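What follows is a set of notes on a single structure, which appears directly below.
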Amino acid sequence: MLKKRIIPCLDIKDGLTVKGINFEGLRNAGNPIELAKRYEYEGADELVFLDITATLEKRKTFVDLVKKIAKELSIPFTVGGGISTVEDVRKLLEVGADKISINSSAVKNPQLISDLAKEFGSQCVVVAIDTKLVNGSDWVHVKGGREITNLKTLNWAKKAEELGAGEILLTSMDGDGTKNGFDLRITKLISKNVNIPVIASGGAGKIEDFEMIFNKTKATGGLAASIFHFGEVKIQDLKNELKSKNIAIR
């Protein structure tokens, strides 16, 4: 059985870590390099870096910043935002990223998933899915959650796996930043229907939320941002608590 992973996320805008609610109302959450160092020290299993406005601003992700952060890390480091070619990925891997996360570009060009998996291996390719419940159905959203697509979330998750994705980062836009708990319904649905690891994201507010997501769904990772950035939950406390509940943690 895959051990569960605790994954802090750095949402980056203009070189700073930011955090909002339901993808809106962003506020500054600190220096990404300092936060990365802290999470490494506190025992995070992995770190995710998402340049959240790169696609919207039609530019590439901040390679220099990725390089500086990677230097501080020995844990797996996933980078996303504005990645649309094999060459983009090569550059990021060269400066220290371990995995890359694609979202809007994968929706626009699904072949990119296969191309990257072929070139760098499936273990390197994370397909990020931003999902929202609209009129009773789960729909994939792109461009930092600003645009709804005609893709149903479950169909797209299965397709991403088929094309060679090694992992899915599933963010519930309804839960994002609310601290009301992970979206158990959608996470359960997706993690039950694919055979690759699913990281749950959006809504973590307390230790019990991680306990719930790991006990009630097949998610292998729990990702959170603000509760870690602002010190509301300490990673070591979280891991100790989960271990005491017999949840297999890295």
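It should be emphasised that the depicted structure is a prediction, and the values quoted were computed from it without experimental measurement.
Here Asn155 pairs with Lys152 under the side chain to side chain contact (heavy atoms under 4.5 Å, CB included) rule; sequence neighbours left out. Not counting sequence neighbours, the partners of Arg5 by the salt bridge (Lys or Arg N to Asp or Glu O under 4.0 Å) test are Glu46, Glu167.
For the pair Ile33/Leu65, a side-chain contact is recorded, criterion being any heavy-atom separation below 4.5 Å from C-beta on. Looking at heavy atoms from C-beta onward, Val63 lies in side-chain contact with Leu92 at the 4.5 angstrom threshold. Counting heavy atoms from C-beta on, the side chains of Asp130 and Val142 never come closer than 4.5 Å. In this structure the side chain of Ile69 reaches within 4.5 angstrom of the side chain of Phe49, judged on heavy atoms. Looking at heavy atoms from C-beta onward, Leu238 lies in side-chain contact with Leu242 at the 4.5 angstrom threshold. For the pair Ile100 and Leu116, the minimum side-chain heavy-atom distance is below 4.5 Å. Inter-residue side-chain proximity for Leu223 and Leu169 is flagged as met; some heavy-atom pair is nearer than 4.5 Å. Side-chain contact between Ile199 and Leu170 is absent, with no heavy-atom pair separated by less than 4.5 Å.
Heavy-atom minimum distance, Thr220 versus Phe214: C-CE2, 4.1 Å. Contact record, Cys9 with Leu50: SG-CD1, 3.9 Å, taken as the closest heavy-atom pair. Considering all non-hydrogen atoms of both residues, Pro197 and Gly166 come closest at CD-O, 3.3 Å. Taking each heavy atom of Ala165 and Val127 in turn, the nearest pair found is CB-CG2, 3.6 Å. The heavy-atom pair separating Pro32 from Leu10 by the smallest distance is O-CD1, 3.7 Å. Closest heavy-atom contact between Ala44 and Pro8: CB-CD, 3.5 Å.
Not one N or O on the side chain of Ser172 forms a donor-acceptor pair closer than 3.5 Å with the backbone of Asp183. Side chain of Thr17 to backbone of Asp11: no donor-acceptor contact under 3.5 angstrom is found. Checking side-chain atoms of Thr153 against main-chain N and O of Thr131 turns up no donor-acceptor pair under 3.5 Å. Not one N or O on the side chain of His229 forms a donor-acceptor pair closer than 3.5 Å with the backbone of Val18. Counting only distance, with no hydrogens or angles, the side chain of Asp174 and the backbone of Lys132 share no donor-acceptor pair below 3.5 Å. Of the possible donor and acceptor atoms, none in the side chain of Glu87 sits under 3.5 Å from a partner among the backbone N and O of Ser84. Side-chain atoms of Thr171 never come within 3.5 Å of backbone atoms of Met173 as a donor-acceptor pair (strictly under, hydrogens ignored). No donor-acceptor distance shorter than 3.5 angstrom exists from the side chain of Thr217 to the backbone of Leu184, with no hydrogens or angles considered. Between the Lys4 side chain and the Ala219 main chain, a donor and an acceptor come within less than 3.5 Å of each other. With hydrogens and angles disregarded, a donor-acceptor distance shorter than 3.5 Å links the side chain of Asp209 to the backbone of Lys206.
In this structure, Leu133 is not a member of the same hydrophobic cluster as Leu151, with clusters built from ILVMFWY side-chain heavy atoms closer than 4.5 Å. Note: the hydrophobic cluster containing Ile12 does not contain Leu16 (ILVMFWY, side chain heavy atoms under 4.5 Å, direct or indirect links). The cluster map of Ile, Leu, Val, Met, Phe, Trp and Tyr, joined by side-chain heavy atoms under 4.5 Å apart, puts Val86 and Leu93 in the same cluster.
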Quiz prompt | From CA spacing to verdict: side-chain contact (heavy atoms from CB on, under 4.5 Å), Asn195, Glu161 | solution = CA-CA 8 Å; Asn195 297 304; Glu161 176 182 18; 3.2 Å; yes

Practice problem: Take Phe77 and Val66 through the test side-chain contact (heavy atoms from CB on, under 4.5 Å) and record every step on the way to the result. | Solution: CA-CA 9 Å; Phe77 182 34; Val66 168; 3.9 Å; yes

Exercise. Report the C-alpha distance between Leu154 and Asp138 in whole Å, list the side-chain angles of each, state the deciding distance to 0.1 Å, and finish with yes or no for side-chain contact (heavy atoms from CB on, under 4.5 Å).
Key: CA-CA 8 Å; Leu154 179 58; Asp138 300 298; over 6 Å; no

Quiz prompt | CA sep, side-chain torsions, deciding dist, call: Arg90, Glu94, side-chain contact (heavy atoms from CB on, under 4.5 Å) | solution = CA-CA 6 Å; Arg90 200 183 309 283; Glu94 276 168 6; 3.7 Å; yes

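Between the CZ atom of Arg38 and the CG atom of Leu47 there is a distance of 11.5 Å, given to the nearest 0.5 Å. In this structure, the separation between CH2 on Trp156 and CD1 on Ile190 is 12.5 Å, given to the nearest 0.5 Å. For the atom pair Met212 CE and Ile207 CD1, the distance stands at 15.0 Å (nearest 0.5 Å). Atom CZ in Arg250 sits 8.0 Å away from atom CD1 in Ile7 (nearest 0.5 Å). How far OG1 of Thr149 is from CD1 of Ile129: 10.0 Å, rounded to the nearest 0.5 Å. Of the inter-residue distances, the one linking Ile213 atom CD1 with Ser191 atom OG reads 7.5 Å to the nearest 0.5 angstrom.
A salt bridge is absent between Lys3 and Asp45: the closest approach of a Lys/Arg side-chain nitrogen to an acidic carboxylate oxygen does not fall below 4.0 angstrom. Using a 4.0 Å cut-off between charged side-chain N and carboxylate O, Lys245 and Glu241 make a salt bridge. A salt bridge links Glu232 with Lys179; the closest basic N to acidic carboxylate O contact falls under 4.0 Å. We find that Lys118 and Asp115 are not joined by a salt bridge, their nearest charged nitrogen and carboxylate oxygen being 4.0 Å or further apart. Looking at Glu72 and Lys68, no side-chain N of the basic residue comes within less than 4.0 Å of a carboxylate O on the acidic one, giving no salt bridge.
Taking a 4.5 Å side-chain heavy-atom cut-off between Ile, Leu, Val, Met, Phe, Trp and Tyr, the cluster of Trp139 extends to Val134, Ile148.
Residues Phe210 and Phe182 place their aromatic rings such that the two centres sit under 6.0 Å apart.
For Lys108, the NZ atom counts as loosely surrounded, since its 6.0 Å shell holds 12 or fewer non-hydrogen atoms of other residues, nucleotides or ligands.
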